[in-house]
Amino acid sequence: ALTGKLESVFKKLRGRGVLKEDDVKEALREVRLALLEADVNFKVVKEFIGKVQERAVGQDILTSLTPGQQVIKVVHDELVGLLGGKQSKLHLSPNPPTVIMMVGLQGSGKTTTAGKLAKNFKKDGRKVLLVPADTRRPAAIEQLKTLARQVGVDAFASESRDPVAICRDAKAWAERSLYDVVILDTAGRLQIDELLMEELRQIKAGVKPQEVLFVADAMTGQEAVNIAEAFNREIGFDGVVLTKLDGDARGGAALSVKAVTGKPVKFTGMGEKLDALEPFFPDRMASRILG
Amino acid sequence: LVLGEKIDESFLEELEEALIASDVGTKTASLVLTDLKERFKRNELSSPAQVRERLKQVLFEILTDRSAALSLSATPSVILVVGVNGTGKTTTIGKLARRLQGEGKKVMLAAADTFRAAAAEQLTVWGERNGIPVVKHKEGADPGAVAFDALAAAKARGMDVLIVDTAGRLHTKSNLMEELKKVQRILARELPGAPQETLFVLDATTGQNAFAQAKTFHQAIGVTGIVLTKLDGTPKGGIVFAINKELNLPVKFIGVGEGIDDLKDFDPKEFVEALL
Ligand SMILES: Nc1nc2c(ncn2[C@@H]2O[C@H](COP(=O)(O)OP(=O)(O)OP(=O)(O)O)[C@@H](O)[C@H]2O)c(=O)[nH]1
Ligand SMILES: Nc1nc2c(ncn2[C@@H]2O[C@H](COP(=O)(O)OP(=O)(O)OP(=O)(O)O)[C@@H](O)[C@H]2O)c(=O)[nH]1
Ligand SMILES: [Mg+2]
Ligand SMILES: [Mg+2]
């Protein structure tokens, strides 16, 4: 693993007191490879390595750590700092209902995550309304209705095929019927699809959600940066859900998305069942990315 | 890839970054760059344009010489569709059914994803769009039982092709991989040689984890081809080079949209051109 590789880089450093620039540079070449293999975007890696280099060079080598371990500590701490930071809780509105809107690419896990969130809120004793606003994908409405049944919450029923109207009507209905939380499930779409991005803008303008959650697959590669940046610029989101982290994808997309949008990962999808949603732990993610 | 006037350190760095940005991975990028650097040292490449041509050639050579056709000579022939969650398996089956029907084949679908909410309903819609039968059981049924019944029906009704949809599953879940092996065993037992094709459906936005996925599925059930989906988005799908090279798995089709006609034959030349 990375620790082993850095150990061999620093073998010759025995007895020296300070981390010298050339030694750090060589160690960081290994770190760069590890981050790229973990799917962190190459531009984000470049910037990150630059920051770590500044912090590591000239540091006194702590007697409790080997030089390799020390560089890893600087890298790890820097990663945790980048991934964590801001509060990553969901904002519940003081005036219900709280409206949560799920957005993202096709197949990232929006519908399943909507079901998981509904289950969480129900456990806290909240009255939840799931809104199937994907009128495009075959049986998408049926899929969310099934999840609603499994969780034991209501699913909004609408005759309309217009997602903008469905969401607007759902919010009005939720206000009248005193729901605490409304979760809007939207169709997956490409960030370059102008018509569909406009549809999302109209949904957002129509319901003014407290939380827009960008749902991203943990196995996403280098494009994570462009995709997230476009969704944030075109629609604007408040937090990220990183799904399918129960696999062995290193999840470098988490760093890419945070670095380019500044928006925090709020939850992680840890399985297909409706109880498989966990809060985001920056230190666990940092260790996972470093491998 | 913006080409300047000379081949220098920054030019090669730019090239490496373009490759990395396409998800080819550090190993494949270094392989390709080593080839270019050696030829440059031997004075075989004297301009950025020549470097670019050589780069395309190296990538192209990794992809070619693979059988991209489907072997559907048996009656019925069975296509088993597998992959991790959300990659586009069910949608791809809908598109593939349309294409095979266009070739005059009688197609039947098997909804062997008995786990995910509304999975059978989703495949049923694709069956209706094609006007073809879909064999399904209740949610929670045994996928092997669906496969068994579908194959029996396909034989009885003189179908040319049976396409079996399976639940998405992460390759790290050994119990789910065992379930898939069981489905395959049942198909093979009921029809020697089945499944004639096992298509691994891979999302083009996937990064380096794609290799582990392909390798695990291939080791478990033997993959005969890859469908690379969502190439109508911005990802380049560079992950297929390592998969082609080290696992010998050809990309047979690409998915370029959510509609029934959005399936194309894989064209290595076009793919390499679009990558750069
Ligand atoms: N293993 C695992 N699978 C997940 C997770 N989240 C979602 N899935 C699965 O991923 C697949 C896609 O999930 P969906 O909820 O349908 O994704 P979506 O974003 O709504 O898809 P579209 O509406 O088509 O864009 C399904 O098979 C889910 O069961 C997760 O955290 N872990
Ligand atoms: N843009 C685009 N979207 C696609 C393509 N192929 C599939 N999709 C979309 O990706 C999402 C997931 O497709 P599915 O067919 O449900 O994927 P799956 O692999 O069967 O998912 P699970 O059964 O849940 O594992 C849907 O929204 C599809 O419309 C493609 O080539 N391009
Ligand atoms: Mg959905
Ligand atoms: Mg499916």
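Lettering of chains follows the sequences in order, A, B, ..., and the numbering in each one begins at 1. Hydrogens, waters and symmetry mates play no part in the numbers below; they use all other heavy atoms, side chains included.
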**Fill in**
Only residue of A:Leu79, A:Val265, A:Thr268, A:Leu245 satisfying side chain to side chain contact (heavy atoms under 4.5 Å, CB included) with A:Met285 is A:Leu245

Count the heavy-atom pairs under 4.5 Å between each of [options] and chain B, then report the option with the highest count.
| options | value |
| --- | --- |
| A:Ile192, A:Thr146, A:Asp246 | A:Asp246 |
| A:Ala218, A:Ala224, A:Gly221, A:Gly109 | A:Gly221 |
| A:Lys145, A:Arg250, A:Arg137 | A:Arg137 |

Chain A heavy atoms under 4.5 Å from [X]: which part of the residue, side chain, backbone, both or neither?
| X | result |
| --- | --- |
| B:Glu17 | both |
| B:Thr26 | side chain |
| B:Lys173 | side chain |

Residues [X] and [Y]: side-chain donor-acceptor under 3.5 angstrom:
| X | Y | answer |
| --- | --- | --- |
| A:Asp185 | A:Thr111 | yes |
| B:Thr234 | A:Gln191 | yes |
| A:Asp248 | B:Asn209 | yes |
| B:Thr205 | A:Glu223 | no |

**Request:** State yes or no: are the ring centers of B:Phe266 and B:Phe271 separated by less than 6.0 Å?
**Result:** yes

**Request:** Before giving the answer on salt bridge (charged side-chain N to carboxylate O under 4.0 Å, His left out), spell out for A:Glu199 and A:Arg136 the whole-Å C-alpha distance, their side-chain angles and the decisive distance to 0.1 Å.
**Result:** CA-CA 13 Å; A:Glu199 178 184 270; A:Arg136 214 164 282 117; 2.9 Å; yes

Taking NZ, NE, NH1 and NH2 as the nitrogens, is one of them in [X] or [Y] under 4.0 Å from a carboxylate oxygen of the other?
| X | Y | value |
| --- | --- | --- |
| B:Lys56 | B:Glu273 | yes |
| A:Lys25 | A:Glu21 | yes |
| B:Lys182 | B:Glu178 | no |

**Fill in**
Nearest heavy-atom approach of B:Leu31 to B:Lys245 is CD2-CE, 3.9 Å

**Request:** Heavy-atom pairs under 4.5 Å with chain A are the metric here; pick the option from B:Gly233, B:Gly25, B:Ala119, B:Ala212 that has the most.
**Result:** B:Gly233

**Asked** Ignoring hydrogens and geometry, is there a side-chain-to-backbone donor-acceptor pair from B:Lys230 to A:Gln106 under 3.5 Å?
**Response** yes

**Item:** Main-chain N/O of A:Leu105 paired to A:Lys110 side chain as donor or acceptor, under 3.5 Å
**Value:** yes

**Message:** Heavy-atom cut-off 4.5 Å, strictly under: side chain, backbone, both or neither for A:Arg32 against chain B?
**Reply:** side chain

**Message:** Heavy atom to heavy atom, less than 4.5 Å: which residues from residues 127-139 of chain B reach chain A?
**Reply:** B:Arg129, B:Glu139

**Complete:** By residue number, those in residues 87-101 of chain B with heavy atoms under 4.5 Å from heavy atoms of chain A are none

